[in-house]
**Student:** 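One structure is given below, represented as structure tokens, and several questions about it will come after.
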Amino acid sequence: MPNIKSAEKRVSVTATKKLQNQMVRSQMQTAIKKFNAAISNGDVELAKQLLPETSSKIDNAAVKHVIHKNAANHRKAQIAKTLSQLEKGIIVVKVDAKTLKQAEQKAAAAKKAEEAAAIKAQRNEAKKAKESAKAPAAPAKKASAKKTAAAAKAPAKSKKEEAPKTEEAVPKKRTAKKAPVEAPAEEVGDEIK
């Protein structure tokens, strides 16, 4: 950081001038891009309307010493030449590097999207083929599902009925015998009467 008062002022003035120069340069570049877009679209009328405006912006930048006066003259000559070539029917494609890169990126993205769509379609076809191969087996599964539903609705057999009746097949488990519960006397008396 500067210590002297005049050096501090120089820093602030330089920052302000930088912003002003950026504004002028940006306006000039925007005008040139609009002109080049009109040229690349083949719109002669729009290009003729934009030529004086673009030249004015370039001259303005030269007057304010944002660009050199010879550079300004060179740029004005370039845009006038491209307009005359377009009027004569010579194919002119004026594209800056940024626009060209964006176009390449869009083309790459479109190609990638097409590949993804092709892969997705291929997967869907494979899935449909699998489902169609399983389709004849599906009615058999439904029939077995009906049988299980009917079996579930039928009354379940008791464990005694399901168990084999021979003693050799399944040995009996010994359980502790419970003492018989005697009925209360009143109930016994009622039964006798």
**Student:** With a 4.5 Å cut-off on side-chain heavy-atom distances among I, L, V, M, F, W and Y, is there a chain of contacts connecting Val44 to Ile79?
**Tutor:** yes

**Student:** Please name the pair of heavy atoms, one in Leu83 and one in Ala47, separated by the smallest distance, quoted to 0.1 Å.
**Tutor:** CD1-CB, 3.5 Å

**Student:** Any chance you could measure Thr82, atom OG1, to Ile90, atom CD1, to the nearest 0.5 Å?
**Tutor:** 11.0 Å

**Student:** Can you tell me how far apart CD1 (Ile39) and CD1 (Ile32) are? Round to the nearest 0.5 Å.
**Tutor:** 12.5 Å

**Student:** To the closest 0.5 Å, what do you measure between CD (Glu125) and CD (Gln122)?
**Tutor:** 7.0 Å

**Student:** Output the distance between atom CD (Gln27) and atom CG (Asn60), rounded to the nearest 0.5 Å.
**Tutor:** 7.5 Å

**Student:** Return the CD to CD distance between Gln105 and Gln102, rounded to the nearest 0.5 Å.
**Tutor:** 7.0 Å

**Student:** Side chain to side chain donor-acceptor pair (under 3.5 Å) with Asp59: which residues, sequence neighbours excluded?
**Tutor:** Lys76

**Student:** If I compare all heavy atoms of Leu46 with all of Ala38, which pair ends up nearest, and what's the gap?
**Tutor:** CD2-CB, 3.8 Å

**Student:** Quick one: CZ on Arg75 to CD on Gln29, what's the gap to the nearest 0.5 Å?
**Tutor:** 6.5 Å

**Student:** Please report the shortest heavy-atom distance between Met28 and Ala61, naming the atom on each side.
**Tutor:** SD-CB, 3.8 Å

**Student:** Using the side chain to side chain contact (heavy atoms under 4.5 Å, CB included) rule, take Ser26 and Thr30 through it: C-alpha gap first, then chi angles, then the decisive distance, then the call.
**Tutor:** CA-CA 6 Å; Ser26 174; Thr30 303; 4.1 Å; yes

**Student:** Quick one: which residue pairs count as a side chain to side chain donor-acceptor pair (under 3.5 Å) with a foot in residues 42-57, not counting sequence neighbours?
**Tutor:** Lys48-Glu87

**Student:** Counting only pairs under 3.5 Å, give me each side-chain donor-acceptor contact of residues 1-18, with atom names and distances, residues two or more places apart or in other chains.
**Tutor:**
from, atom 1, to, atom 2, distance (Å)
Ser12, OG, Lys9, O, 2.9
Thr14, OG1, Arg10, O, 2.6
Thr16, OG1, Ser12, O, 2.9

